[in-house]
Amino acid sequence: MATPCSSFEEIHRAGAARTGKLTLSHGTLSTPAFMPVGTAGSVKALDPRDIVATGAEMVLANTYHLWVRPGHKQIAKLGGLHRFMNWDGPILTDSGGFQIFSLKKFCKVTEEGCRFRSPLDGEWRFLSPELAIEIQETLGVDVAMVLDECIEWPADRERVQRSTQRTTRWLKRCIAARQAPSETAVFGIVQGGFYEDLRVEHAQEIRELQLDGFAIGGLSVGEPKEELLRMVEVAAPHLPRDKPRYLMGVGYPWDIVEAVSRGVDLFDCVLPTRSARFGGLFTSVGRINIKHARYKDDSNPLDPACTCYTCRSFSRAYLRHLFISGEALAPRLLTLHNLTFYQNLMKRLQEAIASGPESLESLRKEAWGWERRFGDSTPC
RNA sequence: GUGAGUGUAGCUCAGCUGGCAGAGCAUCGGAUUGUGAUUCCGAGGGUCGUGGGUUCAAGUCCCAUCACUCACC
């Protein structure tokens, strides 16, 4: 049963893929959609006008980071996260579950929750499922994620089972902790490691709970490439059709195309933003590293098929110069391009799905060609 | 002209009482999947100014020479 703050409507289908409309407190977006990552309340190197220009309709921020600094109460005092970062559209916050994985060295998980040693002041801070929800509701975000434990790969079956069961208990505590009337929807997260039966079991178990959407988590943690799509393929069919499906932290453009083909609606990933800051660009002609000397005299745009401000205005040679010189303009222009590439991909996916399975199939083939290393391999 | 100092990787420099030539930056390549990320990993690159000498062994000690820098005439 959905709360009034969130609704999802499926519009077109092509095989397992689908387009839809997701309505949240701060607006409606078309799916499949990609959310740029703005961990600390900022999509690194961009301002909100830039984010809008890329075509993004929704952004992701992080509970853990905003809790540690500047603090959710401080943000609430300043009018909530939307006003604080001057973003009018929907915001989803990750719960801090991924930090249990990525900050493993600095935290200790118990049944009660997770103790983190803050890198800022060395203080221990305790994040419980209840607090994770409280923080996200205090921030006033559109979608809160339940606190889960993101498990490392590889992990033995017993460890995965124990962890996933605890994630379920935490999930129920998150639901119980919700404020009755709230502008914040809550999404659950499917875990289960890389065991197909555990994935299915967990999906079936939590689909019965009162949640506004369902995420597939615990993927892209170092596993072999094929494993990711295998788990998506296994879990997605067991999630309700009338709720959005969100694949957390994924991924490369070709991963997204494949996941959409398997029924996923929502994505986020640091790759386009981080990669841009390190000089790596996604283009219609493949991946480009702007540092390479081969672009020194290249007066062509980054991506001849792209209409973003960066590609309309500057040459590869200039962008390389900016990057090599450490100019602040470089990360901005490159991030602008990568996010535009991702948003255009989502638009094309929506159009392809609306046109039917053959269009989607041809887009899948094209996407595999963008990755040089895997350009010759057959899509799974 | 006199005195002193400095010459080692593209650049800035380490290299102790002799023991297989080093770092940072730069260059080149790779990684990055719910951001601890302006990050991480790797590679190429030097006849140690030049010529002699001492020594089993010299970037290192000695002599000569060249270049540059500074100070004083």
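In what follows, chains carry the letters A, B, and so on, assigned in the order in which the sequence lines appear, proteins first and then strands, with residues in each chain numbered from 1. These figures come from a predicted structure and were not determined experimentally.
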query: To the nearest angstrom, how far is Asp255(A) atom CG from U32(B) atom P?
result: 11 Å
- prompt: What does Gln191(A) touch in the nucleic acid at a heavy-atom separation under 4.0 angstrom: a base, only the sugar-phosphate, or nothing?
  reply: base
query: If the P atom of A21(B) is compared with that of C16(B), how far apart are they to the nearest Å?
result: 14 Å
task: Rounded to the nearest 0.5 Å, what's the gap from CG on Leu349(A) to OG1 on Thr31(A)? Could you check?
output: 11.0 Å
field: Pairwise C1' distance, C20(B) and A26(B) [rounded to whole Å]
entry: 27 Å
Under 3.5 Å donor-acceptor pair, Thr273(A) side-chain atoms to U35(B) base atoms: yes
If you restrict it to nitrogen or oxygen atoms, what contacts under 3.5 Å exist between nucleotides 42-44 of chain B and the protein, and what is each distance?
none

message: Using only atom types and a distance under 3.5 Å, with no angle test, would you say the side chain of Gln343(A) pairs donor to acceptor with the backbone of Phe34(A)?
response: yes
- prompt: Salt bridge check: are Glu149(A) and Arg162(A) linked by an N-O gap of less than 4.0 Å?
  reply: no
Residues that Arg115(A) engages under salt bridge (Lys or Arg N to Asp or Glu O under 4.0 Å), provided they are two or more places apart: none
query: So, are Arg332(A) and Glu327(A) salt-bridged, with charged N and O less than 4.0 Å apart?
result: no
- prompt: Rounded to whole angstrom units, what separation is found between the CG atom of Leu103(A) and the C1' atom of A37(B)?
  reply: 12 Å
- prompt: Is it true that a side-chain atom of Asn62(A) and a backbone atom of Ala40(A) form a donor plus acceptor pair closer than 3.5 Å?
  reply: no
Donor-acceptor under 3.5 Å (Thr19(A) side chain, His12(A) main chain): yes
query: Do Trp370(A) and Leu334(A) belong together in a cluster built from hydrophobic side chains that touch within less than 4.5 Å?
result: yes
Near-strand residues of residues 43-75 of chain A, defined as heavy-atom separation under 4.0 angstrom from RNA chain B: Lys44(A), Leu60(A), Asn62(A), His65(A)
field: Euclidean distance for P, U8(B) against A14(B) (whole angstrom)
entry: 11 Å
query: Can you list the residues that meet the salt bridge (Lys or Arg N to Asp or Glu O under 4.0 Å) rule with Glu201(A), with sequence neighbours excluded?
result: none
query: Can you tell me how far C1' in U33(B) sits from the matching atom in C11(B), rounded to whole Å?
result: 38 Å
query: Just how far, in rounded Å, is P of U33(B) from CD1 of Ile256(A)?
result: 14 Å
query: Roughly, in whole Å, what's the span from OH in Tyr246(A) to C1' in U33(B)?
result: 11 Å
- request: Please state the C1' separation for the pair G29(B) and C62(B) - nearest whole angstrom.
  value: 46 Å
message: Are U39(B) and Phe278(A) stacked, with the base six-membered ring and the side-chain ring centres under 5.5 Å apart and planes under 30°?
response: yes
- line: Parsed dot-bracket for RNA chain B after applying the Watson-Crick and G-U rules with both distances under 3.5 Å and | for other-strand partners is (((((((..((((.....[..)))).(((((.......))))).....(((((..]....)))))))))))).
d(CZ, Phe116(A); C1', U35(B)) in whole Å: 14 Å
message: Suppose you measure atom P in G15(B) against the same atom in G46(B); what distance do you get, rounded to whole Å?
response: 23 Å
message: If the threshold is 4.0 Å, N to carboxylate O, is there a salt bridge linking Arg348(A) and Glu366(A)?
response: yes
query: Quick one: salt bridge (Lys or Arg N to Asp or Glu O under 4.0 Å) partners of Glu9(A), sequence neighbours excluded?
result: none
Result block: side-chain N/O donor-acceptor pairs under 3.5 angstrom for residues 269-282 of chain A, not counting sequence neighbours:
residue: Thr273(A); atom: OG1; partner: Val270(A); partner atom: O; Å: 2.9
residue: Ser275(A); atom: OG; partner: Gly280(A); partner atom: O; Å: 3.1
residue: Arg277(A); atom: NH1; partner: Thr273(A); partner atom: O; Å: 3.3

message: So, taking the atom named CG in Leu228(A) and the one named CD in Glu233(A), what distance separates them when rounded to the nearest 0.5 Å?
response: 11.5 Å
- prompt: What's the CZ-P distance between Phe101(A) and U32(B), to the nearest Å?
  reply: 14 Å
task: Would you mind reading off the distance between Leu219(A) atom CG and G34(B) atom P, rounded to a whole angstrom?
output: 12 Å
Taking N or O atoms only and anything under 3.5 Å, show me the protein contacts with nucleotides 24-28 of chain B, one pair per line.
residue: C28(B); atom: OP1; partner: Arg320(A); partner atom: NH2; Å: 2.5

field: Distance in angstrom units between Trp254(A) CH2 and U33(B) C1', rounded
entry: 11 Å
Under 3.5 Å: donor-acceptor pair, side chain of Arg117(A), backbone of Gly122(A): no
task: Under 4.0 Å between any heavy atoms, over every strand shown, what does Gly96(A) touch: base, sugar-phosphate, or nothing? Just pick one.
output: nothing
Donor-acceptor contact present, side-chain Thr167(A) to main-chain Asp148(A), <3.5 Å: no
message: Just to verify, what does Tyr195(A) make a ring pair (Phe, Tyr, Trp, His ring centres under 6.0 Å) with, not counting sequence neighbours?
response: none
query: Can you find a donor-acceptor pair, distance only, under 3.5 Å between Arg274(A) side chain and U35(B) base?
result: yes
message: Between Arg320(A) (side chain only) and His292(A) (backbone N and O only), is there a donor and an acceptor less than 3.5 Å apart?
response: yes
query: Should Arg230(A) and Glu227(A) count as an ion pair when the cut-off is N to O under 4.0 Å?
result: yes
query: Hey, does the side chain of Asp142(A) reach the backbone of His26(A) with a donor-acceptor pair shorter than 3.5 angstrom?
result: yes
message: Among residues 168-177 of chain A, which ones have heavy-atom contacts with RNA chain B below 4.0 Å?
response: none
task: Considering only atom C1', compute the distance from A9(B) to C48(B) and round it to an integer number of Å.
output: 10 Å
message: Can you pull out the residues from residues 130-152 of chain A that lie within a 4.0 Å heavy-atom distance of RNA chain B?
response: Asp148(A), Cys150(A)
task: Please measure how far the P atom in C66(B) lies from the corresponding atom in C13(B), and state the result in whole Å.
output: 25 Å
- prompt: With sequence neighbours left out, what residues match Glu351(A) under salt bridge (Lys or Arg N to Asp or Glu O under 4.0 Å)?
  reply: none
task: Look at Thr39(A) and U35(B) and indicate whether a side-chain polar atom (N or O) is within less than 4.0 Å of OP1 or OP2.
output: yes
